[in-house]
Each structure stands twice: as structure tokens, then as C-alpha cells.
Number of protein chains: 2
Amino acid sequence: METKGARLEEWSQRIAEHGGRVTRPRRVVMQVLLEAETPLSPQEICTRARRRYPSLGLVTVYRTLDVLETLAVVRRVHREDGCHAYLPATPGHHHLLLCRRCGRAMEFSGWDALDGLIAELEAATGYRVEEHLLQLIGLCPRCYAQLKEGERG
Amino acid sequence: METKGARLEEWSQRIAEHGGRVTRPRRVVMQVLLEAETPLSPQEICTRARRRYPSLGLVTVYRTLDVLETLAVVRRVHREDGCHAYLPATPGHHHLLLCRRCGRAMEFSGWDALDGLIAELEAATGYRVEEHLLQLIGLCPRCYAQLKEGERG
DNA sequence: GCTGGAACTGAAAATCTTTTTCACTAAGGC
DNA sequence: GCCTTAGTGAAAAAGATTTTCAGTTCCAGC
Ligand SMILES: [Mn+2]
Ligand SMILES: [Mn+2]
Ligand SMILES: [Zn+2]
Ligand SMILES: [Zn+2]
């Protein structure tokens, strides 16, 4: 498993390669994202980042998220109650497993049995499928255990 | 296949059962949704509905969408460029097939080979999966044909 | 059919979120 | 270290959604 520091370094390099500058505000935003246990909204990112760098502007958070999204190192999470929370993205195509109780998110892949199903659907409908969005919502092991306990009393 | 009128009637009944009133503004919003070829934003719904009922307030569109979403007769579509377009939902659990060119959307179901895959994932991760969001994005047959034609000259 | 009262409506204002503008700052190649 | 230019933060603007409120309309009960 990759350390936080290594990923920060990696993201910084990606920004530089892309012709961008690695500034202090950007570094702080990246750190907050990398340390988060759950997806965070721009507002939440700003609040947390200001604990370390109080003069940070919310505008810069938005701009940094744009950059990171372009570089595909962060991903947006879609939920019924709002779709503007961001998560570090491991490279490549991934799906998301979300805990509805604690908010924890987990990426997974290597699961493209989905591909066979998509092929079937293409044959049946005439549609050409290019990409997909798959998110599973439920309970993480920890929250599931806690809820079962609660039921007992 | 169910007619538009029949579905309007059905939605109205659902509202009444739920203790709500079937008012003229609500009926107009429902009609617009039922006639749409693509998912529509609240703003778009309002514009179209005003052609028939000019005094309609945008607020009422928001409120009506809330009601219809609660009754699960409309569904929100999630896209990278925004997640606030609404679509009539056929009852039960469904997935979405979206055309990235013309915007047309198509629900599909009866496809829960996905269930087997979810069971595997639960075993592997310890997560308990309760619901999921699956949207496939690509080209509808019509748009695919047109694009291929365009390539030729 | 009327009527009374609660549900619903639209305008305006308030609130939130995101984008734009602009004068100033600081990365980082030289 | 210096220079250029990308990036920054404050403020304002633009957009989206929610709240408030006085007036209207639906419809259950007569
Ligand atoms: Mn996939
Ligand atoms: Mn399904
Ligand atoms: Zn979404
Ligand atoms: Zn199409």
C-alpha cells in the first residue's frame, strides 16, 4: 500500500507535468483529500484545510478540485442527497462501494463481468455503451456489526 | 404500452392516496415530464410548462418534483455535467441507458445478473450492499448510425 | 351544488453554491 | 536572485434552491 506522502508527491508531479504549479494552497487541499475517511464537499475541504492554512480561499478549493478532476486523481461521488463530494481516485476504471451510515467509501474494480452483461444489452437494444457509472450503497462491515448489536439492545 | 393519459391518471391517484391534491400546476408539470424525450431540469420543465400555463412558478416545479420523487414516479439522472435532470420512472428497480449525443434515456431492468456479482463482492469485502446506482452512457442506435454516416463524408 | 379549512400557489426575499473579476503574490525556469 | 506568468483571495456577480407569506384553490363533508 502506498503512503499518503507518496501519493501527494505523485499528484504534485502530475500537476507539474500538466504545466501547473504546485503551490501551498494546492498542497493543503490535496493533503486534506488524502487524509479524509469519507468523500468531502468543497466546503468541508475548505474548513479542514483552513485548520492548517487559515488564509485559504474557498475559490481556490474549487479551482484545485477542477485541476485534480482533470488529472483524474479525484472522482466525484453521486448520491441522492447531493453529488458534490470528492474522493481520491486510484488510477484506472473503478466502481464505488459506499457506506450509508458512516459515509466511508471504497473503490473496487477487476469486476468487469459487467462487460459481458453490457454486451448482451447492446445486442438487445442497439445502444452502443461507452462508459458507465456504478455505485453500490450499503453498510461497511463495522457499521453492520454495530447495527446488529443495537438491535439486540 | 401505457398511454400518456393513463400514466397521468396513475400519478394523480398516487398523489391523492398520499394525501396530496391534484392541482392544475401539478398536472401541467406532470404532463411536461410525461411528454419529454429526454431528462429535464427544473428550469426546463418550468419553461415548457409555461407554454401551457404561463403563470406557473418555478417554486411549484421544485415542490412538485419533490412530491413526485417521494412517490418514486420520477427519478433523478446523474451525469458528470450535473445531476438535476428528472425522468418519469417506471415502477420497480431500474437502470438507465443514456445517449450522450441526443440525451435520450431508456430504462432497463430484468438484468440482475448483477446480483450474483454483488454477492461475490459482499463475500470478498464484508460490505452489505442494499442498493445500487447503475447508468450506462453511450449512443442510441439512431445517433450511432448518424455518426457513422458523418465519418464517411 | 355550496362551504370551510387545509393544502397549495406564486412573488419576493433569503440562503447557498459556484463562477467571474481583478489587483496582488509567489512558483519555478533561467 | 529575477522575471514571467500561473495562481491567489476578496468581493461581486450569477445561479440554484429554499423559505416566507398573503392570497387562492382544491375537495371532503354537508
Ligand atoms: Mn466498470
Ligand atoms: Mn439493479
Ligand atoms: Zn449525481
Ligand atoms: Zn441518441
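Quick caveat, the model's predicted, so the values are computed rather than measured.
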**Message:** Strictly by side chain to side chain donor-acceptor pair (under 3.5 Å), give each pair with a member in residues 51-63 of chain A just once, sequence neighbours left out.
**Reply:** A:Q31-A:R52, A:E35-A:R52

**Request:** Kindly state each residue pair satisfying salt bridge (Lys or Arg N to Asp or Glu O under 4.0 Å) with at least one member in residues 77-86 of chain A, sequence neighbours excluded.
**Result:** A:R79-A:D81, A:E80-B:R76

Extract all donor-acceptor atom pairs below 3.5 Å that involve side chains of residues 38-45 of chain B and protein atoms in other chains or at least two apart in sequence.
| from | atom 1 | to | atom 2 | distance (Å) |
| --- | --- | --- | --- | --- |
| B:S41 | OG | B:E44 | N | 3.1 |
| B:S41 | OG | B:E44 | OE1 | 3.4 |
| B:E44 | OE1 | B:S41 | N | 2.7 |

**Request:** Applying salt bridge (Lys or Arg N to Asp or Glu O under 4.0 Å), name anything that partners A:R7, two or more places apart in sequence or on another chain.
**Result:** A:E2

**First and last nucleotide of DNA chain C, 5' to 3', lying under 4.0 Å from heavy atoms of chain A** = C:dT17 to C:dG28

**Item:** Rounded (10°) bend between the five-pair end axes of the helix from C:dG1-D:dC30 to C:dC30-D:dG1
**Value:** 50°

**Request:** Indicate yes or no: does A:E69 engage A:R75 in a salt bridge with an N to O separation below 4.0 Å.
**Result:** no

**Message:** Going by salt bridge (Lys or Arg N to Asp or Glu O under 4.0 Å), name the residues that satisfy it together with A:E122, two or more places apart in sequence or in a different chain.
**Reply:** none

Quick one: which protein N/O atoms are closer than 3.5 Å to N/O atoms of nucleotides 27-30 of chain D? Pair and distance per line, please.
| from | atom 1 | to | atom 2 | distance (Å) |
| --- | --- | --- | --- | --- |
| D:dC27 | OP1 | B:V22 | N | 2.9 |

**Request:** Round to the nearest Å and state the distance from A:I15 atom CD1 to D:dG7 atom P.
**Result:** 9 Å

**Fill in**
Apart from A:L139 itself, members of its ILVMFWY cluster (side-chain separation under 4.5 Å) are A:Y144, A:L147

**Prompt:** Listed by chain and number, what are the salt bridge (Lys or Arg N to Asp or Glu O under 4.0 Å) partners of A:R101, not counting sequence neighbours?
**Reply:** none

**Prompt:** What are the residues of residues 56-78 of chain A, sorted by number, that bring a heavy atom to within less than 4.0 Å of DNA chain D?
**Reply:** A:L56, A:G57, A:V59, A:T60, A:R63

**Request:** Return the value, rounded to whole Å, for the distance between atom OH of B:Y86 and atom C1' of D:dA16.
**Result:** 12 Å

**DNA chain D contacts among residues 29-54 of chain A, heavy-atom distance under 4.0 Å** = A:Y53

